[in-house]
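Step one of this worksheet: look at the structure below.
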Amino acid sequence: SRIKGSRLSTEQASCCLDKQNNNDGSLKQNFIYVAIANVINALCLWGILVSIAHLGSAELLGQFSFGLALSAPVIMFFNLNLRSILATDSLSTYPFAIYFTLRVVLVLVALACILVTVKVLDISYEKEMIIVLIALAKSAEAVSDIIQGFFLQHSKMNWLAVSRISHGVVALAAIAISLWLTKSMLVACISMSAGWFTLLLILDLPLAKRIHSNSNRPFILFRYDFKALRKLSRLALPLGFVMLLVSLNGNIPRYFVDGYLGEEKLGIFAALLYLIVAASQVVMALWQTVSPRLAKLYNSGDLSGFKRLFLKMTFIAIAFGMLGMLFAVFVGEPVLGLAYGEEYTSYSNVLVVLMAATPFLFLSSLCGHGLTAIRKLDEQIPLGLFFVSVKGLSCWLLVPGYGLTGVAWAVFIATVVQVPPKLWLLNKAITKGGV
């Protein structure tokens with residue numbers, strides 16, 4: 001079967017979908033599992049920011065945010081978004097061992113690139129170490145991420161929930177306790193890295209092995225089939241560039257804030273921005289749950305079913321985005337004061353502008369999941385380049401003169417422009433039946 005735009009015969013597709021529906025459980029139940037996991041994980045990560053703000057300072061929060069901003073694009077590029085490709089591989093084109101082997105190899109390459117980058121940059125030794133330690137933690141998370149894609153492929157949403165919740169709780173406990181005892185961000189990052197590597201060994205890998213428990217075949221993690229690895233790499237490489245551009249698009253404002261306004265303002269901006277990340281977890285859970293279903297509908301030739309499901313998700317994206325806006329307008333200021341401290345309340349207007357972008361953010365994310373589900377990967381690269389250019393230009397024009405308010409408007413502008421071209425590309429692909 002072909003990878004891109006591949007189709008099953010009507011009879012094969014019907015049998016495949018019937019079997020999958022019997023094993024998958026309801027979409028509603030799967031969504032509940034993933035939503036609960038994402039919400040708890042988001043609360044834990046928000047708790048990390050709150051802990052740093054209260055037990056440390058805005059400067060420490062800025063250092064942590066900068067470490068994430070520098071390491072995330074590299075890690076996301078070399079991840080190649082294999083999790084989404086694995087989860088939507090409804091034809092089981094490649095065995096899990098191929099996905100796992102490729103992920104581990106590329107994680108090592110990503111770490112090497114980050115080590116070279118921190119040596120080239122003119123930054124303090126403490127910043128270097130924070131970046132490296134965060135990269136180590138993200139590497140462990142990346143390996144767990146491909147295993148979570150395996151859970152999604154086999155509709156083990158409860159296992160996915162356990163894994164994500166565990167990662168959030170461990171990270172929060174590690175950072176909060178370390179800061180409380182030592183006031184050191186270096187110690188906190190070491191603790192988080194150690195915690196995530198431990199979860200990989202004692203939780204994620206054993207759960208992945210259980211999927212093969214009813215099979216006569218041995219559970220194999222590494223498979224050195226260079227032909228398969230090369231083919232999967234070529235398939236996923238465009239999506240790797242897309243995820244690199246997505247990560248850069250999300251982190252460009254942080255680079256400008258750090259460069260023009262300093263670490264303290266970066267910490268404040270990161271705290272504000274994470275409220276959007278937390279708000280997005282419910283809809284992201286829904287997109288993760290729906291993506292395999294969209295892939296099955298597309299591969300079976302049920303384009304009408306694809307359109308109906310996508311339209312329902314569109315209404316949900318807009319509705320949740322509007323709720324985020326209302327939250328910022330009516331309770332944003334007291335929430336900022338309660339969570340981070342009084343010094344953050346004066347930035348409630350910045351939060352309102354950021355939250356105004358959420359309907360467009362959610363819809364853009366839905367379109368991205370839809371394009372990945374139907375394997376429209378190459379086409380997303382020029383779009384990503386355009387979005388990054390708009391974000392960079394907007395920040396360059398607005399940040400120096402308007403501070404954090406300018407950053408918020410740059411985020412809003414760059415988010416709005418993402419929706420029309422993605423919708424057009426998706427509609428074109430579905431109208432033409434993926435040809």
Side-chain angles (χ1 to χ4, degrees), residues 30-56 60-61 64-65 67-69 71-72 75-76 79 83-84 87 107 130 133-152 156-180 185 187-208 247 250 270-289 320 324 335 339-340 365:
N30 289 341
F31 164 68
I32 290 173
Y33 278 128
V34 181
I36 291 174
N38 281 8
V39 168
I40 295 177
N41 186 263
L43 290 174
C44 289
L45 294 179
W46 186 37
I48 289 174
L49 300 188
V50 173
S51 299
I52 297 174
H54 284 284
L55 299 175
L60 281 183
L61 190 54
F64 184 75
S65 179
L68 288 173
S71 60
I75 295 290
M76 289 188 70
N79 278 355
R83 167 176 163 157
S84 293
V107 160
I130 288 174
L133 290 169
I134 289 176
L136 286 172
K138 298 295 288 184
S139 299
E141 184 185 41
V143 179
S144 294
D145 175 78
I146 197 64
I147 296 174
Q148 291 171 6
F150 193 42
F151 298 159
L152 281 169
K156 299 294 186 181
M157 303 301 180
N158 53 336
W159 295 3
L160 173 67
V162 170
S163 178
R164 284 187 59 77
I165 291 171
S166 299
H167 278 78
V169 171
V170 166
L172 173 57
I175 288 180
I177 294 174
S178 297
L179 285 177
W180 179 54
M185 183 55 66
V187 175
C189 291
I190 291 172
S191 300
M192 183 175 69
S193 300
W196 279 357
F197 272 105
T198 301
L199 282 176
L200 171 64
L201 295 175
I202 70 172
L203 178 65
D204 295 325
L205 286 173
L207 286 178
S247 183
L272 298 176
L273 191 63
Y274 194 77
L275 291 175
I276 295 179
V277 176
S280 69
Q281 293 308 300
V282 175
V283 291
M284 294 305 170
L286 188 54
W287 302 168
Q288 291 173 27
T289 306
F320 272 97
V335 167
Y340 302 120
S365 177

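Starting from 1, each residue takes its place in the sequence as its number.
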> Who passes salt bridge (charged side-chain N to carboxylate O under 4.0 Å, His left out) against Asp204, sequence neighbours left out?
Replying inline: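 Testing Asp204 for salt bridge (charged side-chain N to carboxylate O under 4.0 Å, His left out), a comparison that skips the adjacent residues, returns none.
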> Of all residues at least two apart in sequence or in a different chain, which pass the salt bridge (charged side-chain N to carboxylate O under 4.0 Å, His left out) check with Arg164?
Replying inline: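 Once residues adjacent in sequence are excluded, Arg164 has no partner under the salt bridge (charged side-chain N to carboxylate O under 4.0 Å, His left out) criterion.
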> Ile48 and Ile52: side chain to side chain contact (heavy atoms under 4.5 Å, CB included), yes or no, with the steps?
Replying inline: CA-CA 6 Å; Ile48 289 174; Ile52 297 174; 3.9 Å; yes
Please find the pair of heavy atoms, one from [X] and one from [Y], that lie closest to each other, and give the distance.
{"X": "Ser178", "Y": "Ala188", "result": "CB-CA, 3.5 Å"}
{"X": "Ser51", "Y": "Leu172", "result": "OG-CD1, 3.9 Å"}
{"X": "Met192", "Y": "Ala174", "result": "N-CB, 3.7 Å"}
{"X": "Phe197", "Y": "Leu136", "result": "CE1-O, 3.4 Å"}
{"X": "Gly195", "Y": "Val170", "result": "CA-CG1, 3.6 Å"}
{"X": "Ile75", "Y": "Ser139", "result": "CD1-OG, 4.0 Å"}

Donor-acceptor contact present, side-chain [X] to main-chain [Y], <3.5 Å:
{"X": "Trp196", "Y": "His167", "value": "yes"}
{"X": "Ser65", "Y": "Leu61", "value": "no"}
{"X": "Ser191", "Y": "Val187", "value": "yes"}

Can you tell me how far the [atom1] atom of [X] sits from the [atom2] atom of [Y], to the nearest 0.5 Å?
{"X": "Asn158", "Y": "Phe151", "atom1": "CG", "atom2": "CZ", "answer": "9.5 Å"}
{"X": "Ile134", "Y": "Ile190", "atom1": "CD1", "atom2": "CD1", "answer": "12.0 Å"}
{"X": "Leu203", "Y": "Leu205", "atom1": "CG", "atom2": "CG", "answer": "9.0 Å"}
{"X": "Leu45", "Y": "Leu68", "atom1": "CG", "atom2": "CG", "answer": "9.5 Å"}
{"X": "Ser84", "Y": "Asp145", "atom1": "OG", "atom2": "CG", "answer": "8.0 Å"}
{"X": "Ser166", "Y": "Leu199", "atom1": "OG", "atom2": "CG", "answer": "5.5 Å"}

>> Pair Leu207, Ile147 - check side chain to side chain contact (heavy atoms under 4.5 Å, CB included), show working.
In response: CA-CA 9 Å; Leu207 286 178; Ile147 296 174; 5.9 Å; no
>> Please evaluate residues Leu49 and Tyr340 with respect to the criterion side chain to side chain contact (heavy atoms under 4.5 Å, CB included), reporting the C-alpha separation (whole Å), side-chain torsions for both, the decisive distance (0.1 Å), and the verdict.
In response: CA-CA 8 Å; Leu49 300 188; Tyr340 302 120; 4.3 Å; yes
